[in-house]
There are 2 protein chains.
Amino acid sequence: MAQLDTVSRILDTAETLFAEKGFSETSLRTITSKAKVNLAAVNYHFGSKKSLIQAVFARYLDPFSEILDKEMDRLEAEYAGGDIPLDVVLSTFTNAILTMPSPTKNGLSAFMRLLGLAYTQAQGHMRRYLQEQYGPVFFRFANMVKNASSDLPDVERFWRLHFMLGAAIFSMSSLEALQDIADKDFGEQAGVRDVVQRLIPFVTAGMSAPLPDLSGSNE
Amino acid sequence: MAQLDTVSRILDTAETLFAEKGFSETSLRTITSKAKVNLAAVNYHFGSKKSLIQAVFARYLDPFSEILDKEMDRLEAEYAGGDIPLDVVLSTFTNAILTMPSPTKNGLSAFMRLLGLAYTQAQGHMRRYLQEQYGPVFFRFANMVKNASSDLPDVERFWRLHFMLGAAIFSMSSLEALQDIADKDFGEQAGVRDVVQRLIPFVTAGMSAPLPDLSGSNE
DNA sequence: TTATGTTTCAAACATCTGTTTGATAGTGAG
DNA sequence: CTCACTATCAAACAGATGTTTGAAACATAA
């Protein structure tokens, strides 16, 4: 039982520190000392720092991708081959995030920040791991988005999908800092749910915006 | 003359490497060896690695913030106290980016990627530096956005502004990778200008989206 | 020329990094 | 108890990091 305790103590503190400072900026020594475990424990239980990072992600992404997959099953059954509105598709994704059981009390904001880091700070091994492990689920979701916006040219949707991703990941990954500001300036204590609920109309409107005029931009 | 050559050779290669791998992942030794200058040159000319990072940013942000400031002068003169449409305000910002003289041939994509890193990977010193150095200009711009969307509640605008920022920074910071995919999948060789031109309608629509229904989210 | 200030260079410095080792303690089964 | 296995620990390891040093090369002006 002692080993499980050590393992999860490491995972918890690693998660917090990674989210705070990033991966390479967080040393194993600061993790282990803060977790009150021996330095060698990380390499003993996880093998290497890289594997530790992956384990931190897996603890969130395993349940998340499973939930998302089931939710998509449910959606397709409910609409039975018919068209699914875009905002419903998007809400499915965010609902999967919100209903996901959180392994730590930090909850979502740490996970969101990690997602952001994974995308920008992604060293090669991380990108590969995420792609191999969770690629299919996200590919399935991307396809649902495609069907829900079939009037959009493929190239345009491609870019708008990434604008959407950016809006979500970026704001979520700085969520804590932004919440503090919002609280101080507007007296609004926004939870993750509120922010997500604000995000949906924004990206939905963005996805169905009029097509851009690309004339004169051929450089 | 030799010293200027050394300085800019360091800046050029540092910029490229930072954009590729991030700040802490790039060592002074890889920078100096790739730039074919002595290791000590960085500390001699810049003082420290932190200052090098700031110098890389300054080379872009100094001209940019100056241009943006002047463009805002021009706008306010043109509209002479009247309301400035939101998409015009936003275009001003992107135009400032596009017309900015690029110190290196990497051009914008490196700069955009750096901006993204600065925001997500921002160690304390970077955030402070950016705020102190370029805070006023961006504050002025934020105010223009506020006036151009005065019908929006303050809190709502606050969050949408960050959604917007996220969409821009995120997609721009992965621009090169995304361009490759877009080229391969759709045969479209999109330049920075095209992407920006696609971005404008997206964020404009998002900014003027219907207000979210926040009921039932009080957790 | 000499003298002065600046820039380059190889080498060393101190510190921090992830990882390994071998000894020690703890645990549960036979 | 004894044995085999697992987990913890302090210590050391090998390498990389940013930074400093002191001498050498260079340039510029008197």
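Bear in mind the structure is a predicted one, so any value in this text is a computation, not a measurement. The sequence lines fix the lettering, A, B, ..., with proteins before strands; numbering per chain opens at 1.
As a whole-Å value, the separation of B/Arg9 CZ from C/dT8 P is 9 Å. In this structure, CD1 of A/Ile31 is placed 12 Å from C1' of C/dT17, rounded to the nearest angstrom. Atom pair B/Glu25:CD and C/dT17:P shows a separation of 14 Å (rounding to whole Å applied). Between A/Leu17 atom CG and C/dG18 atom P there is a gap of 12 Å when expressed in whole angstrom units. For B/Asp5 and C/dT6, the CG to P distance is 19 Å, given to the nearest whole Å. Distance, B/Ile10 CD1 to C/dT8 C1': 11 Å, rounded to whole Å.
The side chain of B/Ser27 places an N or O atom within less than 4.0 Å of a non-bridging phosphate oxygen (OP1 or OP2) of D/dT17.
Ring-plane geometry between A/Phe18 and A/Phe23 is classed as perpendicular, the angle between the planes exceeding 60 degrees on a 0 to 90 degree scale with a lower cut at 30. Classification of the A/Phe111-A/Phe64 ring pair by plane angle, with boundaries at 30° and 60°, yields tilted. Under the 30°/60° scheme for interplanar angles, the aromatic rings of A/Tyr129 and A/Tyr134 are found to stand perpendicular.
Residues forming a side-chain hydrogen bond (donor to acceptor under 3.5 Å, both in side chains) with A/Thr99 (at least two apart in sequence, or on another chain): none. In terms of the side-chain hydrogen bond (donor to acceptor under 3.5 Å, both in side chains) criterion, B/Glu20 has no residue partners (sequence neighbours excluded).
Within 4.0 Å of B/Thr30, counting heavy atoms only, lies no atom of the nucleic acid at all.
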At a cut-off of 3.5 Å, list every protein nitrogen or oxygen paired with a nitrogen or oxygen from nucleotides 19-22 of chain C, distance to 0.1 Å.
unit_1, atom_1, unit_2, atom_2, d
C/dT19, OP2, A/Asn43, OD1, 3.1
C/dT19, OP2, A/Lys49, N, 2.9
C/dT19, O5', A/Asn43, OD1, 3.4

Show your reasoning for whether side-chain contact (heavy atoms from CB on, under 4.5 Å) applies to A/Trp159 and B/Leu199.
CA-CA 8 Å; A/Trp159 286 108; B/Leu199 188 57; over 6 Å; no
